[in-house]
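These notes are about the structure you will find just below.
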Amino acid sequence: MSTTAPADALLEGLNEPQRQAVLHGDGPLLVLAGAGSGKTRVLTHRIAHLIRSGRAHPGEILAITFTNKAAEEMRERVERLVGDRATRRMWVMTFHAACARILRAHAERLGYKRGFTIYDEDDSLRLVKRCIEELDFDPKRFTPRAIKRQISDAKNDLRDPEAYRQGVGSFFEQTVAEVYELYERRIVEMNAMDFDDLLVRCVNLLELFEDVRAGYRRTFKHVLVDEYQDTNRAQYRLLRLIAGEHRNLCVVGDDDQSIYSFRGADIRNILEFEEDFPDATVVKLEQNYRSTQTILDAANAVIANNRGRKSKSLWSDLGRGEPVHIRELEDEFAEARFVVGEIERLVDEGASRDEIAVFYRTNAQSRVLEEVLVRYDVGYQVVGGRKFYERKEIRDAIAYLTFIANPSDAIAFQRIAGSPKRGIGETTQQRIIGHAETVGEQVWEIAARPELVPGLGGAAVKAVSRFMSIMERLRERAEGGARIADLLEETLHEVGYIEALQAERTIEAEGRLENLEQLVESARQYDASTDEPTLDGYLESISLRADTDDLRDDAGVVTLMTLHSAKGLEYPIVFIIGCEDGVFPSSRAIEAGDLEEERRLCYVGLTRAQRVLYLTHARTRLRHGEREWNQPSRFLAEIPPELTDAEEELVPARAAASRWGAPSPAAAPARPRPREEGVSFQIGDDVVHATFGEGVVTGKEPGGIVIVRFPGEGEKKLMEDYAPLKKVS
DNA sequence: TTTATTTGATTTTTT
DNA sequence: ATCAAATAAA
């Protein structure tokens, strides 16, 4: 397309509401975009139109997405419409990337230094744990994960430690408040930020400094946001700070596809947009260009069971197509065999494997399926799961560079000091970090002079100095402007990482070496493709990178992923496995009575399918090493039977209890079900034993063991299932 | 400090 | 079942 084509050309092939959204002038705009209704198209064409019609310069546009992949795709598509020269100065990036960029420019204002580290989930979890221990709380009673969650929720809600303390209502929250306070202090000391901080501190920056705020308000005359239903409080605040004045804010989203509330996404942001901006123009995109009407009817019927949503009904002119295939299988193996069998049948009939995707609720469910796929020699790829950048060797390698870039980073130091083994153990590390904290010096400075650290033995001092002299050399090389890839390669050799792996002589170590080579290769690409490669820039680019970004969709293989990762994608043929109550919807959601988000997840899954949709459920499956019998998912019963080819009658959840209820003896396999924990004996029960006589249950242990005290015999541990024990009523 | 053994936990996870 | 992390032993 020529860059001189008239702006009108951008409207070709758009339907009426799409056109309206593209043409909308100044002021707030909410685009309610149902699944597959061409929202990316609207966004890209709107941006292009803003530029073409002369209403905005590229540098005045801020376009926000949630994933790097989406950002890249959007940039490419805009580029195709207006050319790459115009696109270069545009900010098309994720919330986090945009915040990081703003923060780098003004770090000193918040007491940070430019080269601050960005901590990922793992790093910040480590720091939380250190704080818990430092405050002498028991990390078993107060797990780092649970506390981190609270802190993260608070941050996403823009509550600082002080505000959190105000709202404390339980002993647990009291503990969290203290950990939160220390965590904040420590993370600033280390010149680091976690993912949430990027947003929170960016908001702080804009709120505290009028000049900075005014600057960005002037710069970004038009702000566009994709996946608006997934924004949290902090992101919402940020948008208001930048766009609140000129109000040229265009948000695109679908409340029915909000599936990240567990991460702080606040569905109210989209539901109440019209209250926040009473003059907002609202455009609904309901025509779907992706799926058959049958699939859409099924999805519409399921989502209709949710309350509190913007009513919306997808339609398509792609015809009715096939019914939704629903199948019941005996167990997870039968299910996997069925799926693979159907895949092969469809491929025989002319489908390509890369047109097929299998979705599941939890990552663990991919295993059985993978086994069967391997056995039948069907090529596949798994999205998510073990992520490249989360592998130990990769994280270690990155941590070496991080420590060089940020000498205050105690977490990075902790990670690398003992890996590979070089005589610097846990205790030594703790002493160094502890001393750095008391003295208020950088960890690097302390570690460089270990003889001054109290409590270190001679051997430890020697090991640390040896290690740090290597690090000093590497730092000089980094400051000398070495290329990142070279620096990385040298580091891995100098510190003995490569040698240690080679010495292992295992297949696993081999794989790790390969991964490291891949990392060096990607660093080389960074060097080549970046205008001004810097260590800070490189570290930022990888810390903000998710693995799903690298999903390659061209290889001729079947794709496996969780329903969550499936959002935003589409496949001609889709299987959703494990459609059982307890699995999907998950038992947690059922217990909490919070089914709406699970239902939205179901809606997302169903609407990924273009032509063919299979939903399978198993009568029994093995989970956490225990066999479970589950009822078919209540969501299956929400699909009108005439849209499906189900052989059984699926009864809505409430009525189902009477039909399936507890599994009938006939339905259970020949082997008796293990007695359920807590069903037969409870603490305090009076019991009688065949040889010991009467006693009382005083305790229970996992694995079906009861502890019974018999007068004269003392306490005995007995196997609940086999002991000749009866309850006395 | 390193290793072997036991324990425990286990949804989803754009950054 | 499985994997990481805590604990105990060498």
Side-chain angles (χ1 to χ4, degrees), chain A residues 64-71 93-100 118-122 124-126 129 138-140 143-146 149 152 156 193-199 226-227 229-232 234-235 257-265 332 359-365 367-368 383-387 389-390 392 418 420-429 457 459-460 463 540-549 551 561-569 578 582-592 594 597-598 600-601 604-605 621-627 702-703:
Chain A
I64 298 283
T65 63
F66 273 80
T67 66
N68 294 300
K69 195 181 174 217
M93 54 185 88
T94 63
F95 267 110
H96 296 263
C99 289
I118 298 170
Y119 279 180
D120 66 12
E121 215 49 38
D122 203 69
S124 69
L125 221 46
R126 258 169 231 271
K129 195 175 161 222
D138 180 7
K140 271 185 194 152
T143 62
R145 264 187 91 188
R149 264 229 68 143
S152 183
N156 286 151
M193 299 192 194
D194 60 29
F195 284 142
D196 305 322
D197 284 332
L198 291 174
L199 304 169
D226 192 12
E227 306 281 15
Q229 75 282 354
D230 290 332
T231 50
N232 60 37
Q235 289 160 336
Q257 291 188 63
S258 163
I259 54 173
Y260 283 108
S261 74
F262 66 91
R263 273 193 90 99
E332 69 269 34
F359 305 149
Y360 33 77
R361 181 65 237 270
T362 64
N363 281 120
Q365 289 171 261
R367 246 268 289 303
V368 175
V383 177
R386 281 252 152 349
K387 293 174 178 118
Y389 288 110
E390 280 174 16
K392 183 179 181 302
K421 305 266 146 54
R422 53 170 73 90
I424 307 175
E426 187 87 15
T427 337
T428 310
Q429 292 166 26
E540 180 173 312
S541 76
I542 51 178
S543 52
L544 295 179
R545 176 150 293 272
D547 210 50
T548 33
D549 296 338
L551 164 66
M561 68 181 99
T562 63
L563 285 152
H564 280 88
S565 343
K567 195 171 79 163
L569 304 175
V583 178
F584 183 38
S586 77
S587 43
R588 285 199 188 195
I590 296 174
E591 278 161 32
D594 182 20
E597 178 139 322
E598 295 278 306
R600 290 194 290 267
L601 189 56
V604 166
R621 81 171 58 233
L622 211 52
R623 254 203 324 171
H624 312 320
E626 291 212 81
R627 190 144 291 284

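Order of the sequence lines fixes the chain letters, A, B, ..., with proteins taken first and strands second; residue numbering starts at 1 for each chain.
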- Message: Taking the nucleotide of DNA chain B with the nearest heavy atom to each, does A:I424 or A:F95 sit closer to the 5' end?
- Response: A:I424
- Query: Base, sugar-phosphate, or nothing: which does A:T427 touch, judged by heavy atoms less than 4.0 Å apart?
  - Reply: sugar-phosphate
- Length of the line joining A:R126:CZ and C:dA4:P, which is rounded to integer Å: 12 Å
- Among C:dA6, B:dT13, B:dT1, the one nearest any side-chain atom of A:Y260 is B:dT13
- Task: Grab the two heavy atoms, one from A:A70 and one from A:T67, that are nearest each other, plus how far apart they are.
- Result: N-OG1, 2.9 Å
- Using a 4.5 Å cut-off on heavy atoms from C-beta on, say whether the side chain of A:D226 contacts that of A:I64. no
- Item | Verdict with reasoning, A:Q257 to A:Q229, per side-chain contact (heavy atoms from CB on, under 4.5 Å) | CA-CA 7 Å; A:Q257 291 188 63; A:Q229 75 282 354; 4.2 Å; yes
- Query: Hey, does the side chain of A:Y360 reach the backbone of A:G578 with a donor-acceptor pair shorter than 3.5 angstrom?
  - Reply: no
- Provide the closest heavy-atom pair for A:F95 versus A:Q235 in the form atom of the first, atom of the second, distance. CD1-NE2, 3.6 Å
- Any side-chain N or O of A:K129 less than 4.0 Å from the OP1 or OP2 oxygen of C:dA6? yes
- Can you check the A:D196 CG to B:dT13 P distance for me, whole Å? 17 Å
- Do the side-chain N or O atoms of A:S565 get closer than 4.0 angstrom to the phosphate oxygens (OP1, OP2) of B:dT13? yes
- Message: Quick check: A:H564 with A:F262 (ring centres under 6.0 Å apart)?
- Response: yes
- Task: Rounded to the nearest angstrom, tell me the gap between atom CD in A:E598 and atom P in B:dT11.
- Result: 12 Å
- Item | A:R600 CZ to B:dT14 P, straight-line distance once rounded to whole Å | 18 Å
- Message: Does A:T65 reach a base, just sugar-phosphate, or nothing at all? Heavy atoms under 4.0 Å.
- Response: nothing
- Which atom of A:K129 lies closest to which atom of A:P144, heavy atoms considered: CG-CG, 3.7 Å
- Query: Counting side-chain heavy atoms from C-beta on, which of B:dT10, B:dT14, B:dT3 comes nearest to A:D230?
  - Reply: B:dT14
- Any side-chain donor near an acceptor of the partner, A:S543 and A:E540, under 3.5 Å: no
- Task: In plain terms, say whether A:E591 and A:R588 are close enough for a salt bridge, that is, a side-chain N and a carboxylate O under 4.0 Å apart.
- Result: no
- Using a cut-off of 4.0 Å on non-hydrogen atoms, how would the nucleic acid contact of A:E426 be classed: base, sugar-phosphate, or nothing? sugar-phosphate
- Could you give the CZ-to-P distance, from A:R623 to B:dT12, as a whole number of Å? 11 Å
- Message: As a test of reading the structure: which of B:dT13, B:dT14, B:dT11 is closest to the side chain of A:T562, going by heavy atoms?
- Response: B:dT13
- Note on the structure: Whole-Å distance, A:Q365 CD to B:dT11 C1', equals 10 Å
- Are any of the side-chain nitrogens in A:K567 or A:D230 under 4.0 Å away from the carboxylate oxygens of its partner? yes
- Task: Map A:R263 and A:L601 onto DNA chain B by nearest heavy atom, then report which one ends up closer to the 5' terminus.
- Result: A:L601
Return the polar atom pairs (N/O with N/O) between nucleotides 8-10 of chain C and the protein under 3.5 Å, or none.
none

- Item | Distance test, side-chain N/O of A:R588 to OP1/OP2 of B:dT12, below 4.0 Å | no
- Message: Given C:dA6, B:dT13, B:dT11, identify the nucleotide with an atom nearest to the side chain of A:T362.
- Response: B:dT11
- Task: Output the single nucleotide from B:dT10, B:dT12, C:dT2 whose closest atom is nearest the side chain of A:R367.
- Result: C:dT2
- Give A:K421 one of three labels, base, sugar-phosphate or nothing, depending on what nucleic acid heavy atoms sit under 4.0 Å from its own. sugar-phosphate
- side-chain N/O A:N232 vs B:dT14 OP1/OP2, d < 4.0 Å: no
- Note on the structure: When rounded to whole Å, the CD to P distance for the pair A:E591 and B:dT12 reads 16 Å
- Task: Using a cut-off of strictly less than 4.0 Å, decide whether A:N68 has a side-chain nitrogen or oxygen near OP1 or OP2 of B:dT14.
- Result: no
- Message: Show me the dot-bracket string of DNA chain B, counting Watson-Crick or G-U pairs under 3.5 Å, with | for pairs to another strand and [ ] for crossing ones.
- Response: ||||||||||.....
- Message: What is the distance, to the nearest angstrom, from the CZ atom on A:R145 to the C1' atom on C:dC3?
- Response: 13 Å
- Query: Are A:D196 and A:S152 close enough that a side-chain donor and a side-chain acceptor fall under 3.5 Å?
  - Reply: yes
- Message: With a cut-off of less than 4.0 Å, is there a side-chain N or O of A:S586 near OP1 or OP2 of B:dT12?
- Response: no
- Task: Evaluate whether the aromatic ring of A:F262 and the six-membered ring of the B:dT12 base sit under 5.5 Å apart, centre to centre, with an inclination under 30°.
- Result: yes
